[in-house]
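Keep in mind it's a predicted model, so treat the numbers as computed, not measured.
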Amino acid sequence: MPDIMEKNSRKDLHTAITELILDLKGDGTVSSIQKRTGVHRNMLTAIFEVYDAQMNGNEVKTKSKSNPRIKNLYWGTNSLITVADTLGIRVSELIRAAEDVQDGLPPWFQRRISHDTATRSTAELGHIFLEALGCLTYVDPFPTAEPKKKERQYHKRDASGTLTSTCKAHVFQEEEVEKLAFYVDCLLEHPALTDFVMAYQAGEVSSKDAYFVLKKAVDEVMMGTQGDLMMDLFDLIRKRKNELVDAINKTYRLFRKHRT
């Protein structure tokens with residue numbers, strides 16, 4: 001269902017790569033992400049400054065005529081190789097992850113949904129469901145040997161237009177993630193969702209399409225809610241589960257109709 005996105009809203013590839021790096025940065029410092037990506041801190045700082053200016057529609061100012069900061073958001077081949085090597089992935093995977101962001105998927109979508117799950121399994125679909133609910137903290141796409149934090153913060157723009165690289169998104173705590181995952185797994189066992197689940201298992205619905213089906217349904221049912229986000233999500237998948245199931249099936253039918 002990527003067709004539901006306007007073509008002119010598709011992000012530039014360099015913007016998408018920057019958002020992947022910002023996601024890894026979380027609430028850490030530029031120095032911390034330097035160690036994680038291998039890219040020099042000064043370059044990362046310059047890229048983040050240009051990204052913030054670009055997102056806010058501001059003019060990118062130069063430091064001086066003799067030593068200007070970068071004016072355009074750009075990731076060179078050497079930098080991409082450095083990032084990929086440091087993360088332990090291929091450059092092609094890094095580019096594919098950026099293309100997913102261009103398509104409207106969350107950063108590192110494929111790495112999270114496939115973590116400790118079999119391809120095309122109900123467990124993988126459960127991960128996709130968590131992504132649609134906005135829970136990106138159920139697994140670290142690049143786990144390290146360091147002790148796992150109980151909560152992790154991600155950067156994104158909020159409604160007020162705060163700088164993207166300094167605005168913190170909602171934090172899902174470990175206990176909340178476990179509860180959400182449990183209720184999501186139960187919801188996917190609902191008899192009315194059998195066709196959708198089996199279609200995913202059979203490969204008739206891709207992971208991207210499943211995300212857009214679920215995200216559209218969640219957004220439709222959640223429309224107008226302005227209370228506590230976590231309570232709203234729990235109410236959605238517990239008290240309003242039949243309403244959500246109906247919305248998923250409605251969106252899934254539209255997807256099949258659009259595809260034929």
Side-chain angles (χ1 to χ4, degrees), residues 1-5 16 20 23 89-90 92-143 172 174 176-222 232-260:
M1 294 183 67
D3 292 332
I4 64 176
M5 299 179 61
L20 290 175
D23 183 80
I89 62 177
R90 296 178 181 272
S92 58
E93 183 183 347
L94 179 61
I95 297 302
R96 280 197 298 271
E99 289 172 343
D100 282 346
V101 172
Q102 286 184 299
D103 286 338
L105 293 170
W108 307 112
F109 171 79
Q110 295 293 347
R111 289 193 69 89
R112 274 194 302 274
I113 67 170
S114 61
H115 182 75
D116 286 342
T117 58
T119 303
R120 294 287 166 193
S121 65
T122 305
E124 186 177 66
L125 184 57
H127 283 177
I128 296 173
F129 210 146
L130 290 172
E131 298 278 326
L133 291 171
C135 178
L136 309 183
T137 55
Y138 64 93
V139 66
D140 188 337
F142 293 95
F172 290 84
E174 186 175 352
E176 294 173 330
V177 171
E178 290 175 354
K179 288 182 179 179
L180 272 179
F182 171 77
Y183 287 120
V184 161
D185 290 343
C186 291
L187 192 62
L188 289 175
E189 295 177 357
H190 198 293
L193 290 180
T194 299
D195 288 347
F196 174 64
V197 173
M198 291 184 65
Y200 180 76
Q201 293 172 337
E204 297 171 7
V205 178
S206 70
S207 57
K208 290 184 180 182
D209 289 333
Y211 172 81
F212 286 116
V213 166
L214 292 168
K215 183 71 166 60
K216 186 175 178 60
V218 168
D219 289 347
E220 180 180 314
V221 180
M222 288 279 285
D232 286 340
L233 289 178
F234 282 139
D235 285 343
L236 177 68
I237 58 180
R238 289 185 304 174
K239 299 178 182 179
R240 304 176 64 187
K241 64 180 180 180
N242 289 333
E243 186 180 353
L244 178 57
V245 166
D246 289 343
I248 293 172
N249 281 327
K250 174 185 174 183
T251 307
Y252 175 51
R253 287 194 296 270
L254 288 174
F255 161 75
R256 289 193 305 177
K257 181 179 179 181
H258 177 77
R259 190 176 58 177
T260 57

Donor-acceptor pair, side chain of [X] and main chain of [Y], under 3.5 angstrom:
X      : Y      : answer
Glu124 : Arg120 : yes
Arg112 : Pro107 : yes
Asn249 : Ala192 : yes

Between Gln110 and Ser207: side-chain donor-acceptor atoms closer than 3.5 Å: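 Yes, Ser207 and Gln110 have a side-chain donor paired with an acceptor closer than 3.5 Å.
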Straight-line distance of [X] [atom1] to [Y] [atom2], nearest 0.5 Å:
X      : Y      : atom1 : atom2 : result
Leu180 : Ile237 : CG    : CD1   : 5.0 Å
Met222 : Asp235 : CE    : CG    : 9.0 Å
Tyr211 : Leu130 : OH    : CG    : 11.5 Å
Lys215 : Leu133 : NZ    : CG    : 9.5 Å

Close side-chain approach of Phe196 to Leu125, heavy-atom, < 4.5 Å: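 The answer is yes; the side chains approach within 4.5 Å.
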Sub-4.5 Å side-chain heavy-atom contact between Ile89 and Phe142: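 A side-chain contact under 4.5 Å exists here.
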Parallel, tilted or perpendicular: rings of Tyr138 and His127 (30°, 60°):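 Plane angle between 30° and 60°, so tilted.
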Sequence neighbours excluded - salt bridge (charged side-chain N to carboxylate O under 4.0 Å, His left out) pairs with any residue from residues 179-203: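 For residues 179-203: Glu175-Lys179.
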Sidechain N-carboxylate O distance under 4.0 Å for Glu93, Arg111: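 Yes, charged N to carboxylate O under 4.0 Å.
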Contacts of Gln201 that satisfy side-chain hydrogen bond (donor to acceptor under 3.5 Å, both in side chains) - sequence neighbours left out: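 Per chain and number, Gln201 pairs via side-chain hydrogen bond (donor to acceptor under 3.5 Å, both in side chains) with Thr122.
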